[in-house]
Amino acid sequence: MHIDHLLAGILRAGAAVAALVMLLILFFLLYESWPVLTELSVFRFVTDTSWHPLERAYNLMPMLSGTLLASMGALMLAVPLGMASALFIVFFAPTHLATLYGRLIELLAGIPSVVFGFWGLTTLVPLINEWHPPGASLLAGILVLTLMILPMITLTAYTALAAVPEELFRNAAALGLSRWGMISGVALPAARTGITAGIILAAARALGETMAVLMVAGNVVQYPESIFDPIRTLAANIALEMAYAMGDHRAVLFVSGLLLMLLVMALSAVAGLLEKHHHA
Amino acid sequence: MNANQGAFTLGPLEAGPACCVPQPVVQVKNLSLQYDGKMALDNVTLDIYKGCITALIGPSGCGKTSFLSAINRLTDLIPGCGVSGQILVNNRDIHHASSQVQVLRRQIGMVFQKPTPFPLSIRRNIALPLNEHGITQKAEVAAVTEQVLRDVGLWDEVHDRLDVSALSLSGGQQQRLCIARALALKPEILLMDEPCSALDPIASGVVEDLISRLQGRYTIVIVTHNLAQARRIANYAAFFWVREHAGQLVEFGRCQHIFESPSHELTAAYVNGSRG
Amino acid sequence: MPEMIWHHTLQKIRDCGVQGFVYLAVLLVSAVFVWMLADLVRGGFAHLSWEFMTESPRDAGRAGGIASILVSTVLILLVALVTAVPLAWATAVLLTEFVPVTSPLGKTVRFSLFVLAGVPSIVFGLFGNAFFSIYLGLGFSILSGGLTLACMLLPILTSTAEAGLRAVPETYRLSAAALGITRTAALIHLIFPAAAPALAAGLLIGIGRALAETAALLFTSGYVDRMPGSLFDSGRALALHIFDLSMNVPGGDMPAYASALVLVSLLLCINILAMKLAYSLQRRKILT
Amino acid sequence: MFRKNSYLLICLILLSGVAAGLVLLSTAPASAATQRLVLTGSSTVAPLVSEIARRFESLYPGVRIDVQAGGSSRGINDVRKGVADIGMVSRALKPDEDDLRAFTIALDGISLIVHASNPVVSLSKQQVVSIFTGNVMRWSAVGGPDTRITVVNKAEGRSTLELFLDYFQLKNSMIKPHIIIGDNAQGIKTVAGNRNAIGYVSIGAAEYETRRGMPVRLLALDGAAASISNIQNGNFPLLRPLNLVISHEPQDLARQFLTFAQSPQVRDLVKAQYFVPVDAH
């Protein structure tokens with residue numbers, strides 16, 4: 001009896017520490033960004049002329065727009081391709097090919113972002129540069145992000161589709177539905193919540209990604225006029241400037257970290273809710 | 001190996017004395033049980049007699065399994081389960097602060113509906129609970145293992161493969177192993193929750209036979225849906241019924257009485273197969 | 001009925017179109033990935049050698065190998081695991097075995113881990129820099145990098161362990177309790193062994209994550225590329241080495257390719273191992 | 001028995017962790033006994049200091065010197081925060097930095113670089129300003145091929161950027177860059193990989209990389225060729241000192257290292273990096 005109590009006590013302590021990490025992170029982000037949040041008006045982050053921290057201009061909007069544009073562009077490419085990949089595995093491919101392709105996608109899901117960034121830097125950027133200088137651009141960022149989130153979308157969509165009961169398909173086939181009729185009418189609606197949750201998680205990943213984008217997007221703070229213009233994302237900005245930032249500048253970087261975290265948290269909360277809703 | 005070796009006294013079952021005496025070992029007084037505030041068992045008072053087989057019968061959901069779990073305090077493990085009333089085992093309140101639940105459960109063995117061997121070897125399945133209760137000497141553990149496997153008639157079937165996974169046994173064998181595992185701790189009381197219902201008819205027959213041979217040595221409380229089985233092996237029977245969404249004890253008495261001349265019309269209807 | 005035939009023809013065309021799109025997409029995705037992997041192998045294989053694995057980098061990584069990088073990577077990983085695994089598994093055991101799913105404690109812990117799982121890695125880097133490097137005074141060291149990674153690994157290790165422990169049949173717990181076995185003993189002798197494949201798979205996933213991480217280490221473990229003498233020294237992780245070589249070292253592409261190849265093969269092995277464990281787990285579930 | 005295997009695997013991973021931990025614990029006291037110096041800051045100074053540190057270590061066994069690049073501002077920042085013992089700063093200290101003390105170890109210049117295939121050999125001050133502010137978008141306007149110019153700018157916090165802006169009397173917000181880079185080496189690598197790019201870096205670093213075969217070329221500034229001799233005789237207009245800075249009275253080891261870094265013992269190293277030793281100035 002007492003040994004169980006002892007163990008429960010130890011476990012409680014462990015769990016408390018694990019839970020405290022979250023609070024600690026929040027506390028330190030707030031603590032470090034506090035000087036700016038209290039001294040500077042929040043509007044400065046929207047109304048300042050640009051992002052020139054050494055000239056005390058702290059407009060985060062160009063980087064926020066860069067972050068959102070890169071993520072949305074990546075989603076626009078990765079969702080159709082990822083869905084097609086999942087449909088291929090579940091419905092179109094012969095078994096051995098499906099397994100092979102599934103393995104390929106699983107392998108890609110494990111490739112670190114820095115390798116994607118490296119490949120983008122050495123292969124994609126020079127290619128785009130040939131076509132439309134300077135090469136390091138929103139487009140390169142979008143392409144690299146697409147490669148990164150595509151496996152994620154495929155795997156979640158595959159899991160959701162595989163969880164649709166087999167009888168539904170048999171019934172659909174018995175009703176004489178065409179293949180696309182079956183997929184669009186039965187499979188996709190049945191797997192909808194799972195797929196959506198996967199896409200939202202992929203979006204969160206794209207928003208928070210640092211290294212790959214840092215390496216290929218050019219990192220110029222601006223509102224891009226075309227996809228060939230370079231951009232800087234919030235995450236890349238932190239990685240780029242954190243090392244030497246002092247005073248307000250450092251605090252603003254923590255603010256952008258906070259902003260990024262809230263964005264990503266909101267997305268994963270939506271995904272979590274969807275999933276819960278789905279299971280209920 | 002000689003079965004009578006060492007301190008272990010249980011002889012071959014066939015030779016054991018069969019004594020079922022109307023002397024209460026377990027006294028259940030005003031037991032009520034609820035899950036998250038919903039009453040599952042309402043005010044049950046019942047005595048379990050020493051050395052006898054008591055069958056708990058009644059339709060599904062009338063609280064028989066809950067009643068069983070309350071006796072060895074397995075209800076502690078169910079979140080949101082509340083128990084009120086008193087249960088005395090050998091005149092000691094099982095909920096009394098000084099009574100240790102591990103000791104209680106050693107004293108009261110339990111066998112579940114589905115065979116539940118641990119994913120370990122056959123030998124380890126029996127050795128693990130022994131070790132946990134302080135019996136660690138290898139020779140003693142081996143002796144007990146052989147003894148209880150003989151008791152359940154499994155020794156001849158498995159003695160040459162004690163180190164294979166218990167999961168490789170057939171369903172009937174697994175259930176007998178579970179009974180052997182419970183017997184290894186030398187319990188006074190055995191609780192059995194439909195021990196035959198998950199088995200095929202032949203395996204079920206073997207296990208039923210085993211249970212009836214255990215009569216007299218152990219006080220057995222068995223939940224069963226098989227009325228014929230209850231009639232064949234039990235000395236006493238307790239009939240439960242659902243009233244107002246909660247299980248209640250309707251009638252308790254000798255088996256013969258319950259099945260042949262029940263005092264309550266519900267019991268009569270149930271044992272005749274017209275209700276339930 | 002000509003309309004009906006027309007309708008069916010349309011359907012067929014549509015089906016073909018969809019099929020065409022799916023095949024095209026798959027072909028494109030496979031082609032790009034094969035292109036990428038081929039690039040890595042082509043670029044890195046020639047540079048790989050025994051010396052590359054056993055020598056320390058010289059001349060900013062252009063010459064020499066990655067031995068010190070590998071040592072730093074392993075050390076950072078170990079610090080992360082030694083810290084995160086006990087915490088994560090303790091939390092998982094508490095959540096599955098000791099508190100009900102709906103209890104306030106369980107809900108709080110689960111919620112905070114859920115939130116933690118959504119935090120971008122660069123934010124972990126910010127936190128690690130502010131807390132471990134500056135507030136605790138660990139500076140740029142393997143210790144602060146490893147501890148930052150540990151925070152990052154907590155949610156993934158906890159959730160995999162929790163799922164693994166929950167998959168252990170309830171009957172084991174009940175029958176162990178019915179035999180008067182303490183929870184602690186049941187945990188050690190029954191539940192942990194039964195959940196071992198899931199725990200191992202989760203551990204491998206965590207290791208994979210940690211090996212791939214760059215952003216969280218940028219401002220915590222630093223990027224000194226020398227052989228670390230102690231945990232208080234700065235150490236450059238393999239992923240960070242690739243980043244530095246490709247961004248900051250003219251002529252660093254070849255060793256960067258080779259390092260990337262090493263990292264990807266390492267992660268590949270870990271993934272295959274994790275997948276094998278997961279599959280064997282599934283197969284066993286079907287068998288029993 | 002896969003379960004057994006995975007149990008073994010877990011044990012193995014954890015055991016190796018514990019073992020490694022023990023090994024490290026046992027080595028920790030030993031390494032605590034060795035003296036350690038951390039230097040961070042300018043990517044221009046870092047390669048030189050790394051070489052100096054290596055020589056210093058070979059002269060004084062048991063000393064470990066870690067060098068990390070990241071920009072002059074980082075050097076100042078880290079020294080102030082106590083994260084680094086010595087900061088590397090590739091410019092003179094500013095008036096608001098009088099809490100620090102600087103030790104100059106070499107001189108360097110800053111000049112523009114283009115890809116080696118670019119026919120342009122020199123640019124006037126006005127042309128540079130036009131290019132960097134986005135008024136001139138194509139190389140043809142300054143005598144090059146008819147391609148778009150890719151402007152490579154330095155990230156904020158780099159002293160190379162500050163000195164460049166100062167010299168051309170620009171503000172960073174006026175520059176219309178296409179790529180932002182951090183380290184000198186990244187700038188050289190970017191220009192080497194892009195035929196249309198123009199950037200500006202430390203002359204020493206550019207010289208070092210061109211000698212190693214990087215396809216970049218230094219442009220003359222205001223008619224003065226970006227050469228070592230022009231820096232040495234002070235004819236080059238965009239000069240700067242390479243400094244090591246400290247925030248308080250240096251400990252024994254730090255003082256020893258500072259003295260060593262300024263001594264003639266490292267002059268060959270300074271020259272090997274294509275910088276100009278101070279005593280020769």
Side-chain angles (χ1 to χ4, degrees), chain A residues 3-4 7-8 10-12 14-15 17-19 21-25 28-29 32 80-81 84-85 87-88 92 101 104 106-108 110-115 117-119 121-123 147 150 178-181 204 207-208 210-211 215 235 238-239 242-243 253-254 257 260-261 264-265 268 272, chain C residues 11 14-15 18-19 21-22 25-26 28-30 32-33 36 39-40 86-88 90-91 93-94 98 108-109 112-123 126-127 129-131 151 154 158 182-184 208 212 214-215 218-219 239 242-243 246-247 253 256 260 263-264 267-268 271 275:
Chain A
I3 185 162
D4 280 357
L7 182 68
I10 296 171
L11 295 179
R12 255 166 222 274
V17 172
V21 167
M22 187 60 236
L23 283 181
L24 205 63
I25 289 181
F28 263 88
L29 285 183
E32 294 280 347
L81 288 177
S85 298
L87 290 178
F88 177 75
F92 289 91
Y101 190 65
L104 179 72
E106 271 170 354
L107 159 68
L108 293 165
I111 289 185
S113 58
V114 72
V115 173
F118 172 55
W119 183 73
L121 185 68
T122 50
T123 309
L147 290 182
L150 191 144
S178 67
R179 178 134 76 169
W180 175 245
L207 286 178
T210 313
M211 303 319 282
M215 291 165 87
I238 298 172
M242 180 60 194
L253 289 184
F254 274 88
L260 197 62
M261 182 164 136
V264 172
M265 260 165 53
S268 39
Chain C
Q11 243 181 13
R14 195 186 53 190
D15 266 20
V18 170
Q19 186 160 2
F21 171 72
V22 166
V26 167
L28 181 71
V29 171
S30 317
V32 169
F33 281 132
M36 192 177 117
D39 258 7
L40 281 189
L87 280 180
T91 309
V93 170
L94 185 82
F98 285 88
T108 317
V109 172
S112 83
L113 287 174
F114 173 75
V115 173
L116 206 59
V119 175
S121 60
I122 185 75
V123 176
L126 275 180
F127 161 73
N129 177 265
F131 183 63
C151 297
L154 269 182
T158 311
T182 60
R183 280 177 180 221
T184 313
T214 321
L218 210 49
F219 314 121
I242 297 169
F243 170 71
S246 58
M247 287 289 272
D253 279 1
L263 182 58
V264 168
L267 288 170
L268 185 65
N271 276 356
M275 261 186 269

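Letters A, B, ... are given to chains in the order of the sequence lines, protein chains preceding strands, and every chain is numbered from 1.
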Show the nearest heavy-atom pair for residues [X] and [Y], with the distance to one decimal.
X	Y	result
A:Ala18	C:Thr91	CB-OG1, 3.5 Å
C:Ser246	A:Met215	OG-CE, 3.0 Å
C:Val26	A:Ser85	CG2-CA, 4.2 Å
A:Ala84	C:Val22	O-CG1, 3.6 Å
A:Ser178	C:Arg14	OG-NH2, 3.3 Å

Please state whether the side chain, the backbone, both or neither of [X] comes within less than 4.5 Å of a heavy atom of chain C.
X	answer
A:Ala235	both
A:Ile238	both
A:Leu147	both
A:Phe92	both
A:Thr210	side chain

[X], part contacting chain A, at a heavy-atom distance under 4.5 Å:
X	value
C:Gln11	side chain
C:Leu126	both
C:Val109	both
C:Leu154	side chain
C:Phe219	side chain
C:Ser30	both

Heavy atoms only, distances under 4.5 angstrom: which of [options] has the most pairs with chain C? Name it, please.
options	result
A:Ala204, A:Pro80, A:Ala15	A:Ala15
A:Met211, A:Glu32, A:Met265	A:Met211
A:Val115, A:Val21, A:Leu108, A:Ile10	A:Leu108

Between A:Asp4 and C:Arg183 (side chain of the first, backbone of the second, donor and acceptor by atom type, cut-off under 3.5 Å), is there such a pair?
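Checked: pair present.
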
Would A:Leu81 and C:Leu28 count as a side chain to side chain contact (heavy atoms under 4.5 Å, CB included) here? Give the steps.
CA-CA 9 Å; A:Leu81 288 177; C:Leu28 181 71; 4.1 Å; yes

Picking from C:Ala25, C:Gly118, C:Ala130, which has the most non-hydrogen pairs under 4.5 angstrom with chain A?
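The candidate making the most pairs under 4.5 Å is C:Ala130.
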
Closest-packed option against chain A by number of heavy-atom pairs under 4.5 Å, given C:Ile242, C:Thr108, C:Val264
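Counting heavy-atom pairs under 4.5 Å, the top option is C:Ile242.
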
Do [X] and [Y] have side chains that get closer than 4.5 Å, going by heavy atoms?
X	Y	answer
C:Asp253	A:Phe118	yes
A:Arg12	C:Leu94	yes
C:Phe127	A:Leu24	yes
A:Trp119	C:Leu40	no
A:Pro112	C:Leu263	yes
A:Arg179	C:Val18	no
A:Tyr101	C:Val29	yes
C:Leu116	A:Ile25	yes

All salt bridge (Lys or Arg N to Asp or Glu O under 4.0 Å) counterparts of C:Asp39, not counting sequence neighbours
C:Arg42

